[in-house]
Every structure is written in structure tokens, then in C-alpha cells.
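The structure appears right after this line, and notes come after that.
Both backbone and side-chain heavy atoms feed into the values below; hydrogens, waters and symmetry mates do not. Chain letters run A, B, ... following the sequence lines, proteins first and then strands; every chain starts at 1.
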Amino acid sequence: MTVTNAGAAQLLAAVREQTPLVQCITNSVVTNFTANVLLASGAAPAMTDIVGEAGLFAGIASGVLINLGTPTPEQREASREAVAGAAEAGTPWVLDPVAVGALPVRTELARELVAAGPTAIRGNASEIMALAGAGAGGRGVESSDEVDAAVEAAVALAQQSGAVVAVSGPKDFITDGQNAVWVDGGSELLTKVTGGGCALGALIAAFLGARGEASALEAVAATHAFYSLVAERAAAKAHGPGTFAVALIDELSSVTPDDLAAVTSISATTTSEN
Amino acid sequence: MTVTNAGAAQLLAAVREQTPLVQCITNSVVTNFTANVLLASGAAPAMTDIVGEAGLFAGIASGVLINLGTPTPEQREASREAVAGAAEAGTPWVLDPVAVGALPVRTELARELVAAGPTAIRGNASEIMALAGAGAGGRGVESSDEVDAAVEAAVALAQQSGAVVAVSGPKDFITDGQNAVWVDGGSELLTKVTGGGCALGALIAAFLGARGEASALEAVAATHAFYSLVAERAAAKAHGPGTFAVALIDELSSVTPDDLAAVTSISATTTSEN
Amino acid sequence: MTVTNAGAAQLLAAVREQTPLVQCITNSVVTNFTANVLLASGAAPAMTDIVGEAGLFAGIASGVLINLGTPTPEQREASREAVAGAAEAGTPWVLDPVAVGALPVRTELARELVAAGPTAIRGNASEIMALAGAGAGGRGVESSDEVDAAVEAAVALAQQSGAVVAVSGPKDFITDGQNAVWVDGGSELLTKVTGGGCALGALIAAFLGARGEASALEAVAATHAFYSLVAERAAAKAHGPGTFAVALIDELSSVTPDDLAAVTSISATTTSEN
């Protein structure tokens, strides 16, 4: 399988044509930003996260995000419902295990959800390492590890879970356990705006939902490549994190498939086992 | 009754003079945007949505919004409290039945709340049709129907409930069951920012709270006319949905009653029964 | 003790060097804005507000904010956990008693939390007066009293509780019960953006967490002086409350310790008892 920017461009076009409906069960800090990221990109957000509706909606949605940033009891139960509904309907779903490792409630839930078979898992290096059981993991919500240090854990987690695993950082590493790619670009300002990573998780669900015959690895890599290009362009217009966040939304709307095909941010690599 | 832009201008002036206190029980996605829309327009927001406080506060508030976007068990109970408190105190209240029809928990609650006598109900065409029991209604959170198709349902819902019913779209239709108006203007960018409709519901509560001797129909129409003019001005300054949302807040603060009187966005019509 | 802008500048430098981790249990309206204010200023936010994690995290965090804006049952219990965890670990914590006085659930909780010994309490004049038991207090979420009227109540509350007490207004009053300062500057636009005061509470927790040998009074005064300068600069770039909020985030990131040392916004005073 070759994963390329040309392929990413086709997937962006598919998102724009299909307007995938993305159900987000996500933390209270980033709901608004996440919904605006999806809308600007061409997807349709729905934050259906209550018991009695979450499972049903996962059957209607094109893709589902489960983000563990502020997992209230209601959201934990709704997440279980949504995962069951997604499994029954064949809806792709993304797990974002925010701050896993350091905090017990979400760590236990994250392990349970990994066992339920997410289509993709995204996080920073510390989160992916903690979820893979590689060492103690990070403490708190920020990564204390480099992406390079998480490569082995990401491959192992992908092989254990069957999910595509993505590690965000200055360069992003994405693997399905057999194949792997790096995506470069982006902006350091993304780490200065809350929800930069969380919204990426929602966007991955949109690309997965619109991917057609493409593989999940291609869809996840395409999302990272799109987001990185958008962040670079937004950073060029920003005077700080406030104007950056606003410009990011504008650029999500204005970057075209041709723009994405014109850069070479995706590079194939091999996992340590190949 | 004649509903005019001149009358709308007087109501905007009343909002600016009275700073109506608007209690919002609304979804987690749009709380921040909604509060900023109210503040910029000259109203005062209060998101008092917990059991034990919501009913009491509805007696203090100038107007109440109940938006069913993410109705947690706590919010459902607080909504019932607030409606009872509003009824006792004579506080006008607005129902925004987000995504009703497709999702069972909120649909049941919406029917219960309609029976409790809201002053106004606002939504998109699919939501109003679902609430009126006209066909299957939409699925998901976006409207799959045109405003024209919802006119009959809106009139019927207004007659059944006693509420003024407003249907948002490229042109907005507003009726009290006897009289009706269309409001044009606005911007398609409003559909690309999350909470565009939800914040309008809060603003309707502000105008209702400051309306004095004006009718509820006049107050709802005035809110739509104000919001449409603001959106047009913001769109003229925007480079995409990010800058549009920021400009919208600025324009809510800067559009004057004279500006609103100078356009002719409200046109009277008759309901199908007159 | 002399509290000066030069000292405030040193504390801002300490925040930038240490990246204090600030746990926020705060209301649903301002989570996003609060997190972005902390990130832009150089701190690291974590909205860990669920039972089973909040207490543990308060032991890891550099500072904790408890804001009572929308206190759900889950947050009320998590707040008690966090306060116990902070006490055990010696983590400084800030209480923001939003709308206390008018609303019974939060008022009871606020009294309980004051008795648990916060490092600092911040609010508007009506909130501080209500918490000190001085008269009926305000009604609703906006202050109906002037800062001057709250000076005596603030001093009394500081002496009763052992906390530094800060009253926000056109000029801010800050006292530890023995010493007191006024901080001027700022912008009226701060009252037109939701969360302007709430985010200040989170920033106080950041400064407290990075203060080293400085007193809590110095840290709270430094936060107010920093925030006021930032608001003035943002107001100079704004065309309304929308662009003001965006510029505020940019300026939080760009104002330097030297900028803060170059103004004279802090003036020492004495309490009525000295």
C-alpha cells in the first residue's frame, strides 16, 4: 500500500462531497471548537452524548469520536452505548484517550474501549505509550515523551487492537501494525490552543466515514496531512494563539484537494518488524 | 397587526436600555458562543441549569431559553423546574427542539415542554415539522427540509401550542397561528458556525423579555431581523467561518436601532387559513 | 510587604519558566476560554473535574481553581475531592463563588469551601459581600455593587478565612486582611466577554503555583496587574467584543515581564484596621 498526498487529496474531496455526519462524545472544553472544525472542513457535527440516544445515533452517523477528556458518568455509559451501536452498524469510530495513564477512571475505560475494537486510536506519545502498557506513561494531560519513543508502542498497540494508531507531535507517526507513515508540517501553535488534538480526532472520524474503498491507514494519514497543511497556513496569518485559532477555522474551509496534493508531507516508512 | 422594521428597531432599543437577564439551559457545544451573543447584543446571560436553582432563577430572569441539544438528566429535570418557575412568574420562555424527531429522549421531552406552553418555539424546518407531527421529520441535527415545506406545520404548531413558531432558513417564517411574516437577509455562513441557530433562540428570549406592550410575534420577528442584518454585515468582513464568528460578535454590538430601521427585511404575509 | 509591578514581572517570568499545571473545576460556559487563557499565558490547563480523579489530580497540579458557575452534582462532589487532595498535598487553590448569594445550591457549597481554607477567593463586589455575610448580596450573576462598597467585606472575609480576597471592578481591590493593594487599568470590554473574570481565577491559580517565596497577596496582585495590562492592549486592537476576545489571547502570549515592570498599575494601601 502506498499512502500519498495525492490519495489524501482524493479523501478530502470525498469529505467535501459527502458531508459525513460525525457523532462526538467529547470533553466539555473542546465541544465548540471541535464542532466548528468539522463544519469548516465540510463535515457535519452532532454531539449526541446522552444515554438512550448515543447508541441509536452511532447507527446513523458516518463516524464516531470517543474522547476521554472529561468523562462524566453519563458520558462513560453513553460511550459504551455508542461503541455497541457503531459495531452493530459497522460505523467507524475513533478513540482519543486523553491523559490516560495518570488518571484511573479514564484509564480503565480506555482499556475497555480498546478491547471493543476502535477503527483508529489517536493521542500524544505519552498517551499511546501508557495505553500500550509501555512503561509508566505520562502524568497529566501534556506529553512528556517524544514521538520517536512511542513508535514501538504504537506498532504494538496497533497489532494488539487492530486499530490504526496515530501519534501526534512535531512529526506524526501513523501505523496499522504492518505499514507506517510519517506526516510532517503543522505548527507549534497547535499546542497553544486547547482542543488542537481533540478536534483532529473528530476530523479523523469524518475522513474514516467518507473513505469508501481506501484503507483506514490512508484515511488517518490523509486527515493528519490536511490538518498539518491547514495549521501551517493559519500560522502564517497569526499574531498569536488567538488569531491562530480563528485562522485555522478559515483555512479548514479554504484549503482545497489541489492544495493538499501539491505538498509532500506524507512519507512511507516500515514498522520495526518489516 | 403590522410587523415592521421600524417596530423591530424600537425593540432593539429596548433590549439595549433594559439589559434583559436571560437564563439559558442549553447544550454544552454552544454555551460560550450563546453567552457572548447575548452580552454583545446588550443582554445579560446566566446559564443557571442545575436542579435546585433553575426554577428559582426563572422567576428572576427576564426570559428563559430551553435548548435540547445535549439534554443530560440534570438538564432535563432543571428544564422542568425552569418551566414551572417561568409559568408562576410570567417569564416568557423559548423552546429550541434541537434534532427532535430523530432522537427519542429529547423528542419525548420536547412534546412535554410544548404542552407546558412556551412563548416561542424556534427551529429548522425538519424540527418544526417533526414537532408538529407532520410526517417523519428529519434525521440528525441538520434540516433535510425547506422552509416552504414547513409553513403549514408551523401554523398548525402555533395554533396547537399557543406559541409563536419560527422556522429558520434562507428566509425565515414566523407565525402566531393567525398572522405571519417572512424575514429575509442573513448569511449562509451562519450554517457553518456551530450555535448560529442556538444563539438566536437565546436572543429571542432577550427580545421577549424586553418587549413591553409589543406582541410576541413582533418580538420574535424583530430578533430574526436584527440577527439577519448582523450576519450580513459580518459576512462582508469575513474570510471564512472563523473570522465570520468573530465579526458576528462585533456586529451584534455595533448595529444600531437606526441601522435596523433602515432596511426592509420583514414582510407580512397571511397564514394559509386567512 | 511592598507589592510592586517589578515583583509582578518576576512572577510572570516564573509562570513562563515553570509552566504551572492548573486544574480547573469550572463552569461549562468558560472551559474553552479558560484553557486558552492559561495556555497563552504560559501555563498548562487540565479540566479534571470528575469524581475519582479530581482529588488525585489536585495532588499533581501546581494550582487548582474551583469556580461555581454551573455546579452540577458531579462537580460539587469533585470539588470536595479536589479541596481535600489540595490540602493534603499543599497545592494552592482559588475559589470563584460565581453568583453566590442569589442561588441556594452554590451558596451553601461556597460557604463550605470557604471553611476549607482556599488560598485565594476572587469575585465581583456583590459576590464578595454576599460571601462575607454583608447584607443581602447581589441577585443574578452580575455585580450590582461597586468595588468601594465591598472593601470592608473583603477585609473581613480575608480575616475570617485566611484567604487573599480579590474584588474585580474598574479598579481591583486585593487584601490578605492586613495588607491591601489596588490595581488599575484593564478594559470595560472584559465585562462584554463571557468568562473574563472566570479565566482570571484560573490565572491566579497559575501564579500561586509558580510563586516560590513570594506571598499569596503578591501573586494575586501580579495576576490582576498582568491581566489588566493585557486587556488594555487588546482593547486598543479591538473593533468590538469579538475581536477583543481574540486579541486578549494573543496579548496574553506576547506581553513580557519587562512590559509589566514598565507600568505602575499596583498601588499599596492599608486596610481600614491599620
Side-chain angles (χ1 to χ4, degrees), chain B residues 19-57 59-62 70 72-75 77-78 193 230 233-234 237-238 242-255, chain C residues 26-37 47 67-76 98-110 124 138-144 188-199 237-250:
Chain B
T19 315
L21 179 59
V22 180
Q23 177 182 10
C24 302
I25 299 180
T26 192
N27 70 76
S28 58
V29 186
V30 304
T31 45
N32 185 270
F33 186 67
T34 300
N36 280 332
V37 163
L38 289 170
L39 280 167
S41 303
M47 268 58 182
T48 311
D49 65 353
I50 63 169
V51 172
E53 294 186 347
L56 187 153
F57 202 80
I60 302 171
S62 313
T70 55
T72 59
E74 179 83 8
Q75 279 200 336
E77 200 52 35
V193 173
V230 163
R233 290 198 175 201
K237 296 187 176 175
T243 40
F244 174 73
V246 173
L248 189 81
I249 301 292
D250 277 358
E251 293 295 325
L252 285 164
S253 175
S254 66
V255 165
Chain C
T26 192
N27 69 77
S28 57
V29 187
V30 304
T31 45
N32 185 270
F33 185 67
T34 300
N36 280 332
V37 163
M47 268 58 181
N67 171 301
L68 303 183
T70 54
T72 60
E74 179 83 8
Q75 280 201 335
R76 298 199 293 270
V98 180
V100 81
L103 296 166
V105 176
R106 68 192 67 200
T107 301
E108 190 184 331
L109 180 58
N124 62 38
R139 288 184 78 76
V141 296
E142 301 207 316
S143 185
S144 51
E188 211 244 325
L189 277 168
L190 266 180
T191 66
K192 297 297 171 199
V193 174
T194 196
C198 298
K237 296 186 175 175
H239 304 105
T243 40
F244 174 73
V246 174
L248 189 81
I249 300 291
D250 277 358

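- Using a 4.5 Å heavy-atom threshold, the side chains of B:E74 and C:T70 count as separate.
- Between C:R106 atom CZ and B:T48 atom OG1 the span is 5.5 Å, to the nearest 0.5 Å.
- With a 4.5 Å cut-off on side-chain heavy atoms, B:L39 and C:V193 do not count as touching.
- Of all residues in residues 240-247 of chain C, those placing a non-hydrogen atom less than 4.5 angstrom from a non-hydrogen atom of chain B are C:G240, C:P241, C:G242, C:T243, C:V246.
- Of residues 27-37 of chain B, those residues lying under 4.5 Å from chain C by any heavy-atom pair are B:T31, B:N32, B:A35, B:N36.
- Every residue was checked against the side-chain contact (heavy atoms from CB on, under 4.5 Å) condition with C:E108, not counting sequence neighbours, and none meets it.
- For a residue to count as touching a neighbouring chain, one of its non-hydrogen atoms must lie under 4.5 Å from one of that chain's; by this rule B:S254 does not touch chain C.
- In terms of the side-chain contact (heavy atoms from CB on, under 4.5 Å) criterion, residue partners of B:Q75 (sequence neighbours excluded) are, by chain and number, B:I25, B:D49, B:T72.
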